[in-house]
J.: 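If you scroll down you'll find the structure; I have some questions about it.
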Protein chains: 2
Amino acid sequence: MLDESGSKISPRTISRLPVYWRYLKELDDFGIERISSRELAGRIGSTPSQLRQDLNQFGHFGQHGYGYPVEELLSSISQILGLNRTRKMIIVGMGNLGMAIASYENFGRRNIKLAALFDVDPERIGTVVSDVQIQHADEMPKFLEENQIDIGCVSTPPEVAQEAVTTMEHGGVLGIWNFAPVKLQTKLPVEHLHLGDSLLELLYRIGRREDK
Amino acid sequence: MLDESGSKISPRTISRLPVYWRYLKELDDFGIERISSRELAGRIGSTPSQLRQDLNQFGHFGQHGYGYPVEELLSSISQILGLNRTRKMIIVGMGNLGMAIASYENFGRRNIKLAALFDVDPERIGTVVSDVQIQHADEMPKFLEENQIDIGCVSTPPEVAQEAVTTMEHGGVLGIWNFAPVKLQTKLPVEHLHLGDSLLELLYRIGRREDK
DNA sequence: CAGCTTATGTTAATCTTATAACAAGGCTTG
DNA sequence: CAAGCCTTGTTATAAGATTAACATAAGCTG
Ligand SMILES: NC(=O)c1ccc[n+]([C@@H]2O[C@H](COP(=O)([O-])OP(=O)(O)OC[C@H]3O[C@@H](n4cnc5c(N)ncnc54)[C@H](O)[C@@H]3O)[C@@H](O)[C@H]2O)c1
Ligand SMILES: NC(=O)c1ccc[n+]([C@@H]2O[C@H](COP(=O)([O-])OP(=O)(O)OC[C@H]3O[C@@H](n4cnc5c(N)ncnc54)[C@H](O)[C@@H]3O)[C@@H](O)[C@H]2O)c1
């Protein structure tokens, strides 16, 4: 009984699913077979109520008076998140950040495969990162025609991010993972990750703390 | 009339302040002198109501029938965020991500100064990034004794992140900017930025989209 | 300079999210 | 194997956030 369609899942719940996935994976790796909502919530830094509320939006995974079977729940959440099928990702803009992302080894655990890398800097083109060679961004439309890509990661300077996204959308990419600090014009789902904003938020909280 | 103490600012509002700051800075750079909540909200992808609601938690910055003076509002928000004073940051864990962050040029615009870099890998120690030399992590306690540091950026592997944070907290660091996917035990304000979680969220949204 | 236009500050209503409470149901233990 | 003990699923309550509405006040125009 997974994710009965028709019911809308709350955005807050969605943003917590990856956290649940991570902790469950850890428990499973440790060989722990069952866990209560209280115990799991404690580790995560959440509340039992919220955890149960979240999970029950997708179905009934627990057992009365017993808790949740770790392996089964992990598998269910993996399926909800779409981790059961492999997704292909490309990265546009192989600067500092693009390099770091391309070098990250743990995408495999999430069933994500690096399919291509693009830049415009002649110095960078040809370089091999994580077994993938950087191509010129001009090659992208042709590449997208020949390959079905799921995720387009944008780590270009903000001025050219929109252009890259437009190309990707036309090329059939399904979602955008964006690090450039701009609002993107697209119908695709976009996941923003702006480091600068996050740092400013921290700054604010540090400042407020000192006042007291 | 800035930020009358006693009134609690909503977390959601706080997370939008950096966005306002970014867009106002852009307007100011373009020499635009005034803007209405409708116009600004339109650019940001928000609503006029929300924008006014947010700003009015801190004071009265606008003028009836006129809008907001860009330069003045920018200056007010800068002050609210604490950008008027310079903050010192250190980075622990100079791997892929640490390198990218250290190489980012725009921290200066936010009045943040890179004070030191730490790692344990002998290959990396001694390397100079953005005019700062990487030191051994063992030097950190001594460095923190001699220097007042505001922000500690954690980009180590998750297993050693807690240790680094403990050292930083003891050393008088005021806030943690964390990229390691672990819950940190500390009384300091922590700003999490987990790339993996963000990617999984995107994956979920891509999956849901295909269903329809 | 008076009336009109415009966009604010603020209050009210709606919608969303989180917390709390509890009845129902399955394990466990003696 | 039956009584008790847990912990779930679910419903109810409270808190928080967003959207909408509107009276108010400042600029602008003729
Ligand atoms: N590195 C950070 O810590 C950091 C922090 C905050 C925000 N960001 C944002 O992340 C993005 C990437 O940051 P970065 O530090 O890696 O910048 P960077 O300048 O190091 O990298 C940008 C790369 O994009 C390439 N590029 C330029 N135009 C292109 C195009 N049309 N097509 C493809 N590639 C193109 C450049 O050649 C360069 O290699 C930027 O938008 C930046 O604002 C980065
Ligand atoms: N790069 C990515 O795209 C990405 C994605 C998701 C999460 N993350 C997380 O960000 C963090 C950093 O990622 P990365 O890709 O840069 O990893 P990395 O392995 O490239 O870098 C880690 C660095 O930390 C150093 N280190 C190890 N122990 C240390 C210690 N005790 N003190 C100081 N330094 C120490 C290592 O020598 C290495 O240079 C990790 O926690 C990772 O899980 C990274």
Side-chain angles (χ1 to χ4, degrees), chain A residues 1-4 6-20 23-24 27 32-74 76-77 80 201 204, chain B residues 1-4 6-20 23-24 27 32-74 76-77 80 201 204:
Chain A
M1 204 198 285
L2 272 188
D3 187 2
E4 45 252 63
S7 63
K8 285 270 157 57
I9 308 299
S10 123
R12 289 304 188 80
T13 296
I14 294 169
S15 74
R16 282 188 292 264
L17 287 179
V19 182
Y20 300 155
Y23 279 84
L24 285 166
L27 291 171
I32 294 167
E33 288 180 353
R34 71 159 160 169
I35 191 146
S36 69
S37 60
R38 181 152 42 87
E39 168 86 15
L40 183 51
R43 295 186 182 221
I44 288 176
S46 174
T47 67
S49 251
Q50 180 163 81
L51 186 48
R52 294 203 299 273
Q53 195 89 275
D54 280 344
L55 295 179
N56 288 336
Q57 292 190 55
F58 296 97
H60 315 288
F61 305 110
Q63 279 172 7
H64 281 262
Y66 175 91
Y68 295 86
V70 171
E71 194 179 344
E72 210 179 303
L73 181 55
L74 174 61
S76 295
I77 291 186
I80 290 167
E201 208 177 322
Y204 171 86
Chain B
M1 202 199 285
L2 273 186
D3 187 2
E4 46 252 63
S7 63
K8 284 270 157 58
I9 308 299
S10 121
R12 291 299 192 82
T13 296
I14 295 169
S15 75
R16 282 188 292 264
L17 287 179
V19 183
Y20 300 155
Y23 279 83
L24 285 166
L27 291 170
I32 294 168
E33 288 179 355
R34 72 158 160 170
I35 190 144
S36 69
S37 60
R38 181 152 42 87
E39 169 85 14
L40 183 52
R43 296 187 182 221
I44 288 176
S46 175
T47 67
S49 251
Q50 180 164 81
L51 187 48
R52 294 205 297 275
Q53 195 87 275
D54 280 344
L55 295 179
N56 288 335
Q57 293 190 56
F58 295 96
H60 316 288
F61 305 108
Q63 277 173 9
H64 281 262
Y66 176 90
Y68 296 86
V70 171
E71 194 179 343
E72 209 180 303
L73 181 54
L74 174 61
S76 295
I77 292 186
I80 291 167
E201 208 177 321
Y204 171 86

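First the proteins, then the strands, lettered A, B, ... as listed; each starts at 1. Being a predicted model, the structure only gives us computed values, none of them experimental.
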J.: Could you tell me how far apart A/Arg38 (CZ) and D/dC5 (C1') are, to the nearest whole angstrom?
T.: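 For the pair A/Arg38 CZ and D/dC5 C1', the rounded distance is 12 Å.
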J.: Can you figure out which of C/dC27, C/dT17, C/dA12 approaches the side chain of A/Tyr66 most closely?
T.: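 Output: C/dC27.
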J.: Whether B/Tyr68 contacts C/dG9 is assessed here as follows: a side-chain N or O lying under 4.0 Å from the phosphate OP1 or OP2. Is that the case?
T.: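 Answer is yes, contact under 4.0 Å.
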J.: B/Ser10 and B/Gln57: which non-hydrogen atoms are nearest, and at how many Å?
T.: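 Looking at all heavy atoms of both residues, the closest pair is N-OE1, 3.4 Å.
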J.: Please state whether the base of C/dT19 and the side chain of A/Gln53 form at least one donor-acceptor pair under 3.5 Å?
T.: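 Side chain to base: pair found, below 3.5 Å.
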J.: For the side chain of A/His64, starting at C-beta, report the closest nucleotide among C/dT19, C/dG9, C/dG25.
T.: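 That would be C/dG25.
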J.: Of all the heavy-atom pairs spanning B/Ser15 and B/Val19, show the shortest one and how long it is.
T.: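 Closest heavy-atom pair between B/Ser15 and B/Val19: O-CG2, 4.2 Å.
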J.: Using a heavy-atom cut-off of 4.0 Å across all strands, would you classify B/Pro11 as base, sugar-phosphate, or nothing?
T.: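 If one applies the 4.0 Å heavy-atom cut-off, B/Pro11 turns out to touch the sugar-phosphate alone, with no base involved.
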J.: Closest heavy-atom contact between A/Leu24 and A/Ile77?
T.: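 The pair with the smallest heavy-atom distance is CD1-CD1, 3.5 Å.
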J.: I'd like to know whether CD of B/Glu71 has more than 12 heavy-atom contacts from other residues, nucleotides or ligands below 6.0 angstrom.
T.: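 Not more than 12 within 6.0 Å, no.
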J.: For D/dC6, take OP1 and OP2 only and decide whether either is under 4.0 Å from a side-chain N or O of A/Arg34.
T.: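 For A/Arg34, the contact criterion (side-chain N or O under 4.0 Å from OP1 or OP2 of D/dC6) is not met.
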J.: Hey, does the side-chain of B/Ser49 have a donor or acceptor N/O within less than 3.5 Å of a partner on the base of D/dA20?
T.: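 In this structure, the two groups form a donor-acceptor pair.
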J.: At 4.0 Å (heavy atoms only), tell me whether B/Ser37 reaches a base, stays on the sugar-phosphate, or touches nothing.
T.: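 Contact class for B/Ser37: sugar-phosphate only.
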J.: Closest-nucleotide mapping onto DNA chain C: is A/Gly65 or A/Thr13 further toward the 5' terminus? I mean the 5' end.
T.: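 Here A/Thr13 is the residue nearer the 5' end.
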J.: Mind calculating the distance between NZ (B/Lys8) and C1' (D/dA15) to the nearest angstrom?
T.: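 So the two atoms are 14 Å apart, to the nearest Å.
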J.: What's the CD-P distance between B/Gln57 and C/dG9, to the nearest Å?
T.: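 Nearest whole value for this atom pair: 13 Å.
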J.: Can you figure out which of C/dT10, C/dT17, D/dT8 approaches the side chain of A/Arg12 most closely?
T.: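 Among the listed nucleotides, the one closest to the side chain of A/Arg12 is C/dT17.
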J.: Rounded to the Å, how far apart are A/Asn56 CG and C/dA24 C1'?
T.: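 In whole Å, C/dA24 C1' lies 14 Å from A/Asn56 CG.
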J.: Between D/dG27 and B/Gln63, is there an OP1 or OP2 to side-chain N/O distance shorter than 4.0 Å?
T.: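 Answer yes for this pair, as a side-chain N or O of B/Gln63 is under 4.0 Å from OP1 or OP2.
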J.: Does C/dG9 have OP1 or OP2 sitting under 4.0 Å from an N or O in the side chain of B/Arg52?
T.: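 For B/Arg52, the contact criterion (side-chain N or O under 4.0 Å from OP1 or OP2 of C/dG9) is not met.
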J.: What is the distance from CD1 of B/Ile44 to P of D/dT18, rounded to the nearest Å?
T.: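 The distance from CD1 of B/Ile44 to P of D/dT18 comes to 14 Å, rounded to the nearest Å.
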J.: Specify the closest pair of heavy atoms between B/Ala41 and B/Thr47, including all atoms of both residues, with the distance to one decimal.
T.: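 Shortest heavy-atom contact: CB-C, 3.4 Å.
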J.: Give the rounded distance in Å between these two atoms: CD of B/Gln50 and C1' of C/dT16.
T.: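 Taking atom C1' of C/dT16 as the reference, CD of B/Gln50 is at 13 Å.
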J.: Round to the nearest Å and state the distance from B/Phe61 atom CZ to D/dA25 atom P.
T.: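 After rounding, the gap between these two atoms is 20 Å.
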J.: In whole angstrom, what separates B/Leu55's CG from C/dT10's P?
T.: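 Answer to the nearest Å: 12 Å.
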J.: Can you tell me if the side-chain N/O atoms of A/Ser10 get under 4.0 Å from OP1 or OP2 in C/dT17?
T.: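 For C/dT17, OP1 or OP2 has a side-chain N or O of A/Ser10 closer than 4.0 Å.
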J.: Counting side-chain heavy atoms from CB outward, which of D/dT7, D/dA17, C/dT10 is closest to B/His60?
T.: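 Output: C/dT10.
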